[in-house]
2 protein chains.
Amino acid sequence: MHKIPNIAVIRLALYAKHLEMLHNDGVELVSSVKLAKMCGANPAQIRKDLAYFGQFGVRGVGYYVNDLLNALKEVMGTNRTWRLGLFGVGNLGKALLGFEQFAQRGFIFTAAFDKDIDLVGTEVQGMEISQSEDIKEVIKGPGCFDIAVLATGADRAQDCAMRIVEAGIHAILNFTPVRLVVPENVFVENVDFTVRLHALCYSLTTGSDVTQRHPR
Amino acid sequence: MHKIPNIAVIRLALYAKHLEMLHNDGVELVSSVKLAKMCGANPAQIRKDLAYFGQFGVRGVGYYVNDLLNALKEVMGTNRTWRLGLFGVGNLGKALLGFEQFAQRGFIFTAAFDKDIDLVGTEVQGMEISQSEDIKEVIKGPGCFDIAVLATGADRAQDCAMRIVEAGIHAILNFTPVRLVVPENVFVENVDFTVRLHALCYSLTTGSDVTQRHPR
DNA sequence: CTTGATTAGTGAACCTTTTCACAAGAATGG
DNA sequence: CCATTCTTGTGAAAAGGTTCACTAATCAAG
Ligand SMILES: NC(=O)c1ccc[n+]([C@@H]2O[C@H](COP(=O)([O-])OP(=O)(O)OC[C@H]3O[C@@H](n4cnc5c(N)ncnc54)[C@H](O)[C@@H]3O)[C@@H](O)[C@H]2O)c1
Ligand SMILES: NC(=O)c1ccc[n+]([C@@H]2O[C@H](COP(=O)([O-])OP(=O)(O)OC[C@H]3O[C@@H](n4cnc5c(N)ncnc54)[C@H](O)[C@@H]3O)[C@@H](O)[C@H]2O)c1
């Protein structure tokens with residue numbers, strides 16, 4: 001048994017995205033070379049990444065787009081709908097609520113929370129805003145969700161994360177600049193745009209390219 | 001001369017962020033071990049990363065927070081203000097315009113563009129919206145900027161990128177899902193939240209943690 | 001001045017990840 | 001049936017990064 005590199009798992013999402021594009025274009029068959037060109041990757045890497053999870057191709061032929069896409073979705077756990085709960089319906093939160101591509105890729109917001117009394121009870125992008133304190137109630141009903149999206153102000157982030165964890169949620173997409181302290185069994189993905197900006201600054205200043213080939 | 005790992009450069013931004021926090025707390029001296037704990041990194045890695053760019057510490061003592069911070073800013077090219085130009089003042093664009101931490105870290109928007117005639121000429125977050133076609137004019141005046149932030153609809157992204165490149169801009173922070181085709185000497189950083197969500201899905205489904213230790 | 005405790009800087013070992021190169025399987029055309 | 005052309009799957013080599021372990025420098029206390 002081989003140890004699967006974390007980064008290989010991340011790349012599966014990239015491959016799936018491009019396979020979806022091929023599928024929408026009616027393409028039925030694709031080779032690792034062609035897919036690699038689309039993704040900006042190395043064909044051997046694609047083959048190796050896929051090999052960690054099984055044999056999905058046909059030698060001398062290539063990969064059947066639809067079959068591979070479904071296989072990848074199964075591996076990644078995205079052959080289902082994932083429900084998102086938004087915390088902090090400010091500038092960023094509103095943009096996230098209105099981001100149609102989430103739904104297209106199987107992510108739907110089922111709940112939104114804010115501590116601002118003026119916001120609670122109102123509708124934003126067709127979603128009624130609840131109070132953060134009510135998370136345990138909301139989670140029992142149709143507002144139940146699997147992944148928390150944290151977009152509150154930085155000062156309330158850790159506090160809010162605690163509440164999320166206490167409510168039994170095990171995954172947080174964290175847009176705040178705070179390094180969250182959570183139990184071991186809770187997964188956190190930190191998103192920080194400024195780090196990416198710094199990479200651009202360095203590249204512009206020194207002329208040496210430190211940008212990342214693949215989206216993150 | 002050693003080749004500097006790309007990822008080491010990225011980590012400098014992380015170190016700088018935590019040094020800034022120490023500085024704000026009035027801490028004057030820090031060891032690689034202490035900084036490593038804060039960043040969730042290995043102390044040897046910090047020392048090695050810094051060593052790529054010079055000798056910033058004092059043996060037996062540690063690093064003077066302020067000195068190291070300034071040195072890192074110089075290395076990264078962030079000891080100055082960088083001007084940003086926004087393309088696409090939609091949901092996401094508005095959130096970005098209103099994101100105060102950009103300014104705090106030396107990034108300021110000096111121009112914003114949209115193709116929507118109703119938006120052009122109006123003010124969003126105190127910024128007057130220009131027409132994308134006018135980029136070459138705007139860049140000659142006070143709206144001049146160093147880095148383009150691309151947040152248009154996906155269908156217009158490539159087209160808009162071309163215009164940006166033609167106007168002489170060499171760096172793009174790309175929020176659209178499009179893989180931009182640009183000349184070799186133009187740096188592009190792609191931001192894609194859904195990839196991060198997929199990592200959470202995989203972790204939740206398999207129980208094996210593929211989230212990234214450091215923000216990206 | 002000497003000893004002991006710290007801590008940066010660094011070559012080397014170690015580990016991970018990427019890329020290469022080729023065998024094995026599949027289709028096509030004679 | 002055979003030769004040719006593709007293309008996957010994969011062991012092995014190469015490249016890239018991380019961590020170890022030690023040396024050199026600094027400081028404080030006796
Ligand atoms: N705006 C951006 O482009 C951007 C980019 C990157 C990161 N961020 C980060 O995202 C977060 C939100 O940014 P923003 O620009 O939307 O800020 P914002 O001030 O517009 O919105 C914050 C919202 O969170 C709500 N809130 C505060 N505490 C809460 C709690 N405990 N529960 C629920 N809601 C709570 C506030 O009432 C407010 O509506 C910040 O931490 C910011 O650093 C923003
Ligand atoms: N909203 C989000 O949270 C989010 C998250 C990740 C990525 N994105 C991506 O960011 C982009 C923008 O998202 P959004 O939700 O703000 O969409 P939006 O539809 O709200 O805004 C798009 C804006 O871009 C403008 N535009 C189109 N072509 C233009 C051009 N050539 N020059 C200047 N302006 C132009 C449109 O007029 C519109 O105002 C999309 O590509 C989307 O996929 C959005």
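Proteins get letters first, then strands, A, B, ... in listed order; numbering begins at 1 in each.
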Atom-pair distance ([atom1] on [X]; [atom2] on [N]), nearest Å:
| X | N | atom1 | atom2 | answer |
| --- | --- | --- | --- | --- |
| A:Asn42 | D:dA14 | CG | P | 16 Å |
| B:Leu29 | D:dC27 | CG | P | 11 Å |
| A:Leu12 | C:dT17 | CG | C1' | 15 Å |
| B:Gln55 | D:dT23 | CD | C1' | 13 Å |
| A:Leu14 | C:dT18 | CG | P | 12 Å |
| B:Phe56 | C:dT10 | CZ | P | 11 Å |
| A:Phe53 | D:dG9 | CZ | C1' | 15 Å |
| A:Arg59 | D:dT7 | CZ | P | 14 Å |

- Query: Quick one: NZ on A:Lys34 to CD1 on A:Ile46, what's the gap to the nearest 0.5 Å?
  - Reply: 12.5 Å
Examine [N]: is either OP1 or OP2 under 4.0 Å from a nitrogen or oxygen in the side chain of [X]? Give yes or no.
| X | N | value |
| --- | --- | --- |
| A:Tyr63 | D:dG9 | yes |
| A:Tyr52 | C:dT18 | no |
| B:Ser32 | C:dA8 | yes |

- Query: What about B:Lys48, does its side chain sit under 3.5 Å from the base of C:dG11 through a donor-acceptor pair?
  - Reply: yes
- With a 4.5 Å heavy-atom cut-off, do B:Ile172 and B:Phe87 have their side chains touching? no
- Do A:Leu86 and A:Leu84 have side chains that get closer than 4.5 Å, going by heavy atoms? no
If you check the [X] side chain, which of [options] turns out closest?
| X | options | result |
| --- | --- | --- |
| B:Ile7 | C:dT17, D:dT26, D:dG17 | D:dG17 |
| B:Ala44 | D:dC20, D:dT18, C:dA26 | D:dC20 |
| A:Arg47 | D:dC20, C:dT19, D:dG9 | D:dG9 |
| A:Ser31 | D:dT26, C:dC20, D:dT8 | D:dT8 |
| A:Pro5 | C:dT17, C:dA26, D:dC20 | C:dT17 |

- Message: Need to verify one output field. Residue with the more 5' nearest nucleotide on DNA chain D, B:Gly60 or B:Ala8?
- Response: B:Ala8
- Message: Over all strands shown, is B:Gly57 touching base, sugar-phosphate only, or nothing at heavy-atom distances under 4.0 angstrom?
- Response: sugar-phosphate
- Query: Closer to the 5' end of DNA chain C via nearest nucleotide, is it A:Tyr64 or A:Ile4?
  - Reply: A:Ile4
- Evaluate salt bridge (Lys or Arg N to Asp or Glu O under 4.0 Å) for A:Arg80 paired with A:Asp146, printing each intermediate quantity in order. CA-CA 12 Å; A:Arg80 51 164 281 192; A:Asp146 312 291; 3.3 Å; yes
- Task: Say whether, by atom type as modelled, one donor and one acceptor occur between the side chain of A:Thr176 and the main chain of A:Ala154 under 3.5 angstrom.
- Result: no
